[in-house]
Engineer: 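Sharing a structure with you now.
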Amino acid sequence: MQLIQETPDLSAYLAADEAIDHHHPRVREVSARLAADAQDSYDYARAAFAYVRDRVTHSQDVGDPRVTWRASDVLEQGTGICYAKSHALAALLRAEDIPAALCYQRLGVVHGLVAVRFNGAWHRQDPRGNKPGVDARFSLDGEHLAFTPEPAAGESDHPVLYAAPHPAVLRALRDATDRAHLWRTLPTAL
């Protein structure tokens with residue numbers, strides 16, 4: 001699949017916004033801790049991915065009713081669904097000047113991913129969190145995502161790389177009173 005930048009300006013994929021608040025002290029503290037042990041930007045990106053995938057729980061998997069959407073809140077509370085975890089990973093990458101985009105799959109509902117730019121190309125990553133049947137891994141050598149869309153079931157990859165969260169995703173997260181409410185209002189298309 002050919003990934004398409006929403007904007008040709010690469011600096012947009014380094015910018016902070018309300019959801020990807022990479023200037024927040026909590027994001028900076030986590031990024032500094034991860035960077036201290038990293039050999040280079042690739043090593044840092046891999047560590048940031050593992051941190052979000054493994055240390056931030058997927059709220060559905062653990063039955064956590066909280067809804068987070070700002071990267072700083074996701075890292076502070078240690079929970080979120082795929083969109084929130086993607087915001088956290090994008091913020092950690094951007095905090096270290098690594099371009100990061102938000103991207104999506106349609107799997108009955110919209111599923112959130114991150115694309116990271118290395119060596120002049122975008123590489124999609126899925127920090128959703130592993131569980132039985134899900135084995136997402138950081139890779140620049142082919143994709144190792146949590147899910148593969150099934151076209152026969154109407155599922156698909158969305159090729160657009162967004163600099164900011166899609167408005168439908170952000171609206172669902174902001175409007176949710178708890179995770180159960182969010183689950184009823186997840187976007188089914190972009």
Side-chain angles (χ1 to χ4, degrees), residues 3 5-7 9-59 61-62 64 66-105 111-130 134-141 143-146 161-166 169-170 173-174:
L3 298 173
Q5 287 183 208
E6 175 188 33
T7 175
D9 182 4
L10 198 56
S11 68
Y13 299 94
L14 293 167
D17 62 31
E18 191 177 10
I20 304 172
D21 56 346
H22 63 77
H23 297 304
H24 189 280
R26 178 64 178 157
V27 177
R28 288 303 201 188
E29 182 265 320
V30 173
S31 69
R33 191 168 2 110
L34 294 171
D37 295 329
Q39 303 286 319
D40 54 27
S41 59
Y42 173 79
D43 195 38
Y44 172 83
R46 192 168 13 112
F49 170 83
Y51 184 90
V52 174
R53 182 193 63 191
D54 301 340
R55 303 265 318 262
V56 176
T57 62
H58 190 286
S59 56
D61 292 351
V62 298
D64 191 325
R66 296 175 291 173
V67 175
T68 54
W69 57 273
R70 279 189 189 89
S72 57
D73 293 338
V74 173
L75 295 174
E76 182 69 38
Q77 295 180 39
T79 194
I81 68 163
C82 61
Y83 310 135
K85 291 180 70 154
S86 293
H87 299 170
L89 179 55
L92 288 172
L93 293 168
R94 291 180 185 187
E96 292 296 318
D97 294 322
I98 299 170
L102 299 167
C103 46
Y104 304 93
Q105 295 176 313
H111 175 62
L113 308 168
V114 173
V116 60
R117 189 165 176 90
F118 274 106
N119 303 323
W122 290 99
H123 307 273
R124 294 188 311 164
Q125 313 296 326
D126 192 341
R128 181 228 178 270
N130 290 338
V134 174
D135 183 26
R137 290 176 272 140
F138 185 84
S139 176
L140 303 183
D141 234 1
E143 294 184 335
H144 296 282
L145 306 177
L161 300 172
Y162 295 93
H166 191 280
V169 167
L170 206 49
L173 289 169
R174 284 182 176 162

Engineer: I'd like to know whether the aromatic ring centres of Tyr42 and Phe138 sit less than 6.0 Å apart in this structure.
Structural biologist: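 Centroid distance Tyr42-Phe138: below 6.0 Å, so yes.
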
Engineer: Of all residues at least two apart in sequence or in a different chain, which pass the salt bridge (charged side-chain N to carboxylate O under 4.0 Å, His left out) check with Asp9?
Structural biologist: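 Partners of Asp9 under the salt bridge (charged side-chain N to carboxylate O under 4.0 Å, His left out) test: none.
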
Engineer: Go through the structure and list residues passing salt bridge (charged side-chain N to carboxylate O under 4.0 Å, His left out) with Arg28, not counting sequence neighbours.
Structural biologist: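 Result, salt bridge (charged side-chain N to carboxylate O under 4.0 Å, His left out) vs Arg28: none returned.
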
Engineer: Are more than 12 heavy atoms from other residues, nucleotides or ligands located less than 6.0 Å from atom CZ of Arg33?
Structural biologist: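 More than 12 within 6.0 Å, yes.
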
Engineer: Which atom names give the shortest non-hydrogen contact between His22 and Ala91, and what distance separates them?
Structural biologist: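 Heavy atoms only, the tightest pair is CB-O, 3.2 Å.
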
Engineer: Taking all heavy atoms of Ala71 and all of Ala88, pick out the closest pair and write down the distance.
Structural biologist: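 That closest heavy-atom pairing would be CB-CA, 3.7 Å.
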
Engineer: Hey, are Gln5 and Trp122 close enough side-chain-wise for a donor-acceptor pair under 3.5 Å?
Structural biologist: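 There is such a pair (donor and acceptor under 3.5 Å, judged by atom type) between the side chains of Trp122 and Gln5.
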
Engineer: Looking at every non-hydrogen atom in both residues, tell me the closest pair between Ile20 and Pro165 and how far apart they are.
Structural biologist: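 Heavy-atom minimum between the residues: CD1-CD, 4.3 Å.
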
Engineer: Do Gln105 and Leu113 come within less than 4.5 Å of each other through their side chains, counting heavy atoms only?
Structural biologist: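 Yes, their side chains come closer than 4.5 Å.
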
Engineer: Ignoring hydrogens and angles, tell me if any N or O in the side chain of Arg46 forms a donor-acceptor pair with the backbone of Phe49 under 3.5 Å.
Structural biologist: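 No, because the side chain of Arg46 does not come within donor-acceptor range (under 3.5 Å) of the backbone of Phe49.
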
Engineer: With no hydrogens and no angle check, is any side-chain donor or acceptor of Tyr13 less than 3.5 Å from a backbone partner on Leu161?
Structural biologist: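 Between the backbone of Leu161 and the side chain of Tyr13 there is a qualifying donor-acceptor contact (under 3.5 Å).
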
Engineer: Closest heavy-atom contact between Ser139 and His144?
Structural biologist: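 In this case the closest contact between Ser139 and His144 is CB-CD2, 3.3 Å.
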
Engineer: Side chain of Gln125, backbone of Ala115: donor and acceptor closer than 3.5 Å?
Structural biologist: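 Checked: no pair found.
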
Engineer: Among Val114, Val116, Leu3, which residue satisfies the side-chain contact (heavy atoms from CB on, under 4.5 Å) criterion with Arg124?
Structural biologist: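 Testing Arg124 for a side-chain contact (heavy atoms from CB on, under 4.5 Å) against Val114, Val116, Leu3 leaves exactly one candidate, Leu3.
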
Engineer: Test your reading of the model: is there a side-chain donor-acceptor pair from Arg55 to the backbone of Gly78, 3.5 Å cut-off?
Structural biologist: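 Pair absent, no side-chain N/O of Arg55 close to backbone of Gly78.
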
Engineer: Is a side-chain donor or acceptor of Asp64 paired with a backbone partner of Arg66 at a separation under 3.5 angstrom?
Structural biologist: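 Looks like yes, one N/O pair under 3.5 Å.
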
Engineer: Mind checking whether Tyr104 and Ser86 have side chains closer than 4.5 Å, heavy atoms only?
Structural biologist: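 They are not in side-chain contact.
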
Engineer: If we count only N and O atoms by modelled type, under 3.5 Å, do the side chains of His111 and Asp126 hold a donor and an acceptor together?
Structural biologist: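 There is such a pair (donor and acceptor under 3.5 Å, judged by atom type) between the side chains of His111 and Asp126.
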
Engineer: Might you point out which heavy atoms bring His58 and Ile81 nearest each other, and give the distance in Å?
Structural biologist: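 In this case the closest contact between His58 and Ile81 is NE2-CA, 3.7 Å.
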
Engineer: Show the nearest heavy-atom pair for residues Arg53 and Ala136, with the distance to one decimal.
Structural biologist: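 Arg53 and Ala136 have their closest heavy atoms at NH1-O, 2.7 Å.
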
Engineer: Once side chain to side chain donor-acceptor pair (under 3.5 Å) is applied, do any residues pair with Asp135, and if so which ones, sequence neighbours excluded?
Structural biologist: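 Side chain to side chain donor-acceptor pair (under 3.5 Å) list for Asp135, sorted by chain: Arg137.
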
